[in-house]
Amino acid sequence: MYFDKVEELDRNELEKLQVERLKKTIEQASNSPYYSEVFKNNNIDSSLIKTADDIKKLPFTTKEDLRSQYPYGLLTKSLDEFVRLHASSGTTGTPTAVFYTQKDLDTWADLMARSMYAVGVRRSDVLQNMSGYGLFTGGLGIHYGSERLGCLTVPAGAGNTKRQIKLIRDFNVTTLHIIPSFALYFAGKVKAEGYDPAEMPWKIALIGAEPHTELTRKKIEEMLHIKAYNSYGLSEMNGPGVAFECTEQDGMHIWEDSFIAEIINPETGEHVPDGEIGELVMTTITREGMPIIRYRTRDLTRFIPGKCKCGRTSRRIDRIAGRADDMLIIKGVNIYPMQIEKIIMAIPEVGENYLIELYREGFIDQIKVKVEIKEQYFVEDMRALQGLQKLIANKLRDEILVTPRVELVQHNSIEKSEGKAQRVIDTREVEK
Ligand code: ADP
Ligand code: ZN
């Protein structure tokens, strides 16, 4: 049924395992220059931990802490012991580097294989990895997991749609790993090349690495004629394979035998009540080379209460609502890009891509949303398009409480990056 027996461990057993591994992690972490200092200053050692809840006694680690320790400050072993490094894509500033020993890479590959198994991928499958390789963990992370599971693995990398399609057809690719914003673009291209998605060999898409709404998932599923599963991870916690959907598509199971997850109120640092949204905080408990304790991910989500129908006992998180630092403030109102995506992707005329532009006019903040329209609607008469523009603006106003300007643009006219999508362009600072 499951890839690993630990997936059905009862909660008490699982917590016991977490406590044991957390203690070991503290001991291991104290070999790093950074944590040895932090632990000394705060009188911390593993004897503090008796129950899983005692994790609250440990200090948080922030992205700034990692940056200040760049590059080697968190390593618990001599450099000789390490075999790989990755760096975060730097979506929000200077990158941070993460180092892995061979054992760490093996653990990661197992977690990744387990994740793929949970959505029905088996060794007989052929997996095409369509995300960029290099420092981005979505490349090698998925790659080694796929090999660990025993899949024939096609390291296609990002971009070059025509070649991707050829590889998929030539090698009967059944499973795609693809970033959601690229999946929408790709789906459009597949049709434009004259292929019927229903005739393609694929069955399963692993999508993740960036926030997207349920409607975007549905759109990907319909356009590609595929089942799409959400995959969550971050370089600081290895990369992908931290939390993954199962075939129920009802939240992402956190692999709690390897990570302890908490959800806190970002202002107070206290745990929020179960089911409430807050900032996800993660602790590695199986990483030896570079353990990280109570890492503030800045990702906003909630625990989904109750048990999953699949029988796995690990808790689930809801899809990421956004990053704390994605929040836009316009005319004093807080807005998350995902609120905008949720509205526009529900409108049938809307195509695959959008862009939010923030700028200043005089002293007033303005928000403009550029929305790609499906080809068949773009040829409609002016009045119909104006009506659509107005409809989108009104729906957005109801959601975000600010009336945006809406610009309808042609299919494929917004520039598409090969990696994570850039959804927001904010020119307000420069105009000051
Ligand atoms: P960077 O922080 O530079 O983007 P990473 O490649 O480590 O570098 O990205 C990790 C981040 O990507 C996560 O913290 C989260 O914000 C985002 N992310 C990853 N997977 C998902 C997902 N399934 N849904 C939403 N956001 C995701
Ligand atoms: Zn499940």
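Order of listing sets the numbers, starting from 1, for every ligand and every atom in it.
Residue Val19 is tested with Arg21, Lys16, Lys23 for a side-chain contact (heavy atoms from CB on, under 4.5 Å); the sole match is Lys23. If you run salt bridge (charged side-chain N to carboxylate O under 4.0 Å, His left out) between Glu245 and each of Arg312, Lys227, Arg217, only Arg217 comes through.
A salt bridge between Asp104 and Arg84 is absent, with no side-chain N of the basic residue lying under 4.0 Å from a carboxylate O of the acidic one.
The NE2 atom of His253 and the SG atom of Cys308 meet at the Zn ion (ligand 2) at an angle of about 110°, given to 10°.
With a 4.0 Å cut-off on non-hydrogen atoms, Pro240 does not touch ligand 1 at all. Only the side chain of Ile320 comes within 4.0 Å of ligand 1, counting heavy atoms alone; its backbone N, CA, C and O stay farther away.
Ligand 1 has Lys420 within reach: a non-hydrogen atom of the residue lies less than 4.0 Å from it. For the ligand labelled ligand 1, residue Asn230 lies inside the 4.0 Å heavy-atom shell.
By heavy-atom distance, the residue among Pro211, Gly419, Gly239 lying nearest atom 26 (N) of ligand 1 is Pro211. Of the candidates Gly141, Ser231, Ser235, it is Ser235 that places a heavy atom closest to atom 7 (O) of ligand 1. The closest heavy-atom contact to atom 24 (N) of ligand 1, among the options Glu210, Met338, Lys63, Met282, comes from Glu210.
For the residue pair Thr153 and Glu147, no side-chain donor N or O sits within less than 3.5 Å of a side-chain acceptor on the partner. For the residue pair Ser235 / His86, no side-chain donor-acceptor distance below 3.5 Å is found, with atom types taken as modelled.
Between His212 and ligand 1, no pair of N/O atoms sits closer than 3.5 Å.
Interface of Gly208 with ligand 1, defined as ligand atoms under 4.0 Å from a residue heavy atom, comprises 23 (N). Atoms of ligand 1 found under 4.0 Å from any heavy atom of Ala209 (numbered from 1 in listed order, with element): 12 (O), 17 (C), 18 (N), 19 (C), 20 (N), 21 (C), 22 (C), 23 (N), 27 (C).
A donor-acceptor contact shorter than 3.5 Å links the side chain of Glu372 to the backbone of Ser413. In this structure, the side chain of Gln128 engages the main chain of Gln164 through a donor-acceptor pair within 3.5 Å.
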Kindly determine whether Thr62 and Asp65 satisfy side-chain hydrogen bond (donor to acceptor under 3.5 Å, both in side chains), including the steps that lead there. CA-CA 5 Å; Thr62 64; Asp65 294 328; 3.2 Å; yes
